Protein chains: 2
Amino acid sequence: MSNQLVVLDTVSGACCAPLADAALDAGQAETLAPMFKALGDPIRLRLLSMITSAQGGEMCVCDLTPAFDVSGPTISHHLKVLREAGLIEGDRRGTWVWYRPLPEAIRALAAVLK
Amino acid sequence: MSNQLVVLDTVSGACCAPLADAALDAGQAETLAPMFKALGDPIRLRLLSMITSAQGGEMCVCDLTPAFDVSGPTISHHLKVLREAGLIEGDRRGTWVWYRPLPEAIRALAAVLK
DNA sequence: CTCCTATCTAGATGAATTTCGAATCAGCTG
DNA sequence: CAGCTGATTCGAAATTCATCTAGATAGGAG
């Protein structure tokens, strides 16, 4: 049941002390960096903000794609990056795919910064 | 006196509403993404955490470099990325260069995430 | 002034990223 | 089943990135 490599507690969303309190060790940095990296693109940042602020708590790809000047496959790629970073999750419901945020992960990032 | 393109208020550290409150516009995303991108590397994340948690509020490059397995120029490069992202600043004092965090910028990122 | 140390800059290289069009897959509808 | 629409995957091109070595620059010590 226990996981020996828990760095990000998916229940509490906790991971590490705030930056100002203690330096991250290499393992914590390896866990957190890919999450920040996923936010390091303007399209992905807007995608996450649209999904996170959506009323109903989730958003259809069909509503995300037309908000950008890039192709559908490119949006799909960026959503995959956010998904693999553990920041969002999505599921198909019939014709459409809906994405919602994973708030514990986002909270963990916020906690490290402050 | 007023600046028409202020996205990040360097006095208050404010920038944008939390992700959950409103979607970022393209301009805000273009401003914030490079800052998150700078955090998207494990070495840079550790550098920032070491600098930010340093007692005295600043840290010498000579104490940062030996904590990593990469060459001096590589550390110098990563410090430059953090500097250009507006997350840290540094100055030479005699032989050594000292870096300290820019807390308004870090607070702005934290505010967006929560 | 000359040497030594700390840091940064320049240039090169291999790996990763962004993006697209084409092809594929999932599920509806007639 | 055949055809349509939404979304993802695939493969390729252009760009960016992390890292190194070598060399430059800044400042202190003899």
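Just so it is clear, the structure is predicted and the values come from calculations on it, not from any experiment. By convention in this document, chain letters (A, B, ...) are assigned in the order of the sequence lines, proteins followed by strands, and residues within each chain are numbered from 1.
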Original post:
With a 4.0 Å cut-off on heavy atoms, is B:Ser76 in touch with a base, just the backbone sugar-phosphate, or nothing at all?
Top reply: base
Original post:
Phosphate oxygens OP1/OP2 of D:dC17: is one of them under 4.0 Å from a side-chain N or O of B:Lys37?
Top reply: yes
Original post:
So which nucleotide from D:dG6, C:dC8, C:dC20 ends up closest to the side chain of A:Val70?
Top reply: C:dC20
Original post:
B:His78 side chain: which of D:dT21, D:dT8, D:dA18 is closest?
Top reply: D:dA18
**OP:** Check the distance between C:dT7's P and B:Ile75's CD1 and give it to me in whole angstrom.
**Re:** 11 Å
Subject >> Nucleotide nearest B:Arg92 (side chain, heavy atoms from C-beta), chosen from D:dA26, D:dG6, C:dT9 >> reply: D:dA26
**OP:** Grab the CH2-P distance between A:Trp96 and C:dG27 for me, whole Å please.
**Re:** 14 Å
Original post:
B:Gly94 near the nucleic acid: base, sugar-phosphate alone, or nothing, with a heavy-atom cut-off under 4.0 Å?
Top reply: sugar-phosphate
**OP:** Check the distance between C:dC8's C1' and B:Glu84's CD and give it to me in whole angstrom.
**Re:** 12 Å
Original post:
Heavy atoms under 4.0 Å, any strand shown: does B:Arg93 hit a base, just sugar-phosphate, or nothing?
Top reply: nothing
**OP:** Please check if the side chain of A:Arg44 supplies one atom and the backbone of A:Ala38 the other of a donor-acceptor pair under 3.5 Å.
**Re:** yes
Original post:
Which listed nucleotide (C:dG21, D:dA7, D:dT19) is nearest to the side chain of B:Thr74?
Top reply: D:dT19
**OP:** Select one nucleotide: of C:dA6, C:dC28, C:dT19, the one nearest the side-chain heavy atoms of A:Thr95.
**Re:** C:dC28
Original post:
Is the side chain of B:Arg92 donor-acceptor paired with the backbone N or O of B:Thr95 at a distance under 3.5 Å, no angle test?
Top reply: yes
Original post:
Any Lys/Arg nitrogen of A:Asp91 or A:Arg100 sitting under 4.0 Å from an Asp/Glu carboxylate oxygen of the other?
Top reply: yes
Subject >> Donor-acceptor pair, side chain of B:Thr74 and main chain of B:Val70, under 3.5 angstrom >> reply: no
Original post:
Of all the choices, C:dT9, C:dT18, D:dG6, which nucleotide is nearest to the side chain of A:Cys62 once you look at every atom?
Top reply: D:dG6
**OP:** Starting at atom CD1 of A:Ile43, determine the distance to atom P of C:dT17, rounded to an integer number of angstrom.
**Re:** 16 Å
Original post:
What nucleic acid atoms does B:Tyr99 come within less than 4.0 Å of, heavy atoms only: base, sugar-phosphate, or nothing?
Top reply: sugar-phosphate
Original post:
Between the main-chain N or O of A:Arg46 and the side-chain N or O of A:Ser49, is there a donor-acceptor pair closer than 3.5 Å?
Top reply: yes
**OP:** Round to a whole Å and report the spacing from CZ of A:Arg44 to C1' of C:dT19.
**Re:** 12 Å
Original post:
OP1 or OP2 of C:dT19 less than 4.0 angstrom from a side-chain nitrogen or oxygen of A:Ser71, does that happen here?
Top reply: no
**OP:** Write down the distance between CG (B:Leu39) and P (D:dA18), rounded to a whole number of angstrom.
**Re:** 12 Å
Original post:
A:Ile88 pairs by side-chain contact (heavy atoms from CB on, under 4.5 Å) with which of A:Val81, A:Leu47, A:Leu82, A:Thr52?
Top reply: A:Leu82
Original post:
For A:Pro73 and A:Asp41, take the nucleotide of DNA chain C holding the closest heavy atom to each; which residue's nucleotide lies nearer the 5' end?
Top reply: A:Asp41
Subject >> Closest to side chain of A:Cys60, choosing from C:dT19, C:dT7, D:dA7 >> reply: D:dA7
Subject >> Closest nucleotide among D:dT19, C:dC8, D:dA26 to the B:His77 side chain >> reply: D:dT19
**OP:** Could you tell me the separation between the CZ atom of B:Phe68 and the P atom of D:dT19, rounded to a whole number of Å?
**Re:** 11 Å
Original post:
Rounded to whole angstroms, how far apart are CG on B:Leu64 and C1' on C:dA6?
Top reply: 13 Å
